Amino acid sequence: MTDCFRCKGITKAQTKTHTVTLDECVIIIKNVPALACNQCGEAYFTDYVMQNLESIIDNLENLIKEVAIVEYATNVA
C-alpha cells in the first residue's frame, strides 16, 4: 500500500472500471486491477496494466462505432 498522490489517503488493491472516449465511441473496460484510494477513490494503474489497457483500446478502436464494454481479464493476452 502507498499514499494517494491526490489526498494522501491510503491506497489498496481493488478492481476499477476504466472508461475512454475516442471521438464518437466509448470504450468501457471492467474489473481492471488497480490501487485505489480509500479516501478519494483515485485509481492508479501499474505500467503493465496500462500497457494492457492501451493494447485493448488500440484493438477495439477500429472495430467499434459507438460503445464497447469489455472485461479486462478476457482481453489480456
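Counting from 1, the numbers follow the sequence of the chain as shown. Being a predicted model, the structure only gives us computed values, none of them experimental.
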In terms of hydrophobic clustering (I, L, V, M, F, W, Y; side-chain heavy atoms under 4.5 Å; direct or indirect links), are V32 and V67 co-clustered?
-> no

CD1 of I29 to OG1 of T74: how many Å apart, nearest 0.5 Å?
-> 10.5 Å

Which heavy atom of R6 sits nearest a heavy atom of C40, and at what distance?
-> CD-SG, 3.7 Å

Minimum heavy-atom distance between A43 and A34, given as atom pair plus value = CB-CB, 4.4 Å

Looking only at non-hydrogen atoms, find the nearest pair between I64 and V26 and report the distance.
-> CD1-O, 4.0 Å

Out of curiosity, does I69 fall in the hydrophobic cluster containing L53 (side-chain heavy atoms, cut-off under 4.5 Å, transitive links)?
-> no

To the nearest 0.5 angstrom, please state how far the CG atom of N52 sits from the CD1 atom of I57.
-> 11.0 Å

Would you mind telling me which of L60, N59, T19 makes a side chain to side chain contact (heavy atoms under 4.5 Å, CB included) with I27?
-> L60

Is I28 linked to L22 within one hydrophobic cluster, defined over Ile, Leu, Val, Met, Phe, Trp and Tyr using a side-chain heavy-atom separation of less than 4.5 Å?
-> no

Nearest heavy-atom contact between E71 and N75 is O-ND2, 2.8 Å

Locate the shortest heavy-atom distance separating I56 from Y72; write the atom from each residue and the value.
-> CD1-CD1, 4.1 Å

Show the numbers, then the answer: is there a side-chain contact (heavy atoms from CB on, under 4.5 Å) between N38 and Q14?
-> CA-CA 10 Å; N38 289 342; Q14 296 181 19; 3.7 Å; yes

For the student: nearest non-hydrogen atoms of Y44 and F5, plus distance | OH-N, 3.0 Å

Whether over 12 other heavy atoms sit under 6.0 Å from D58 CG | yes

Starting at CD of E61, measure out to CG of D23 and round the result to the nearest 0.5 Å.
-> 7.5 Å

Just how far is it from atom NZ of K16 to atom CD of E42, taken to the nearest 0.5 Å?
-> 9.5 Å

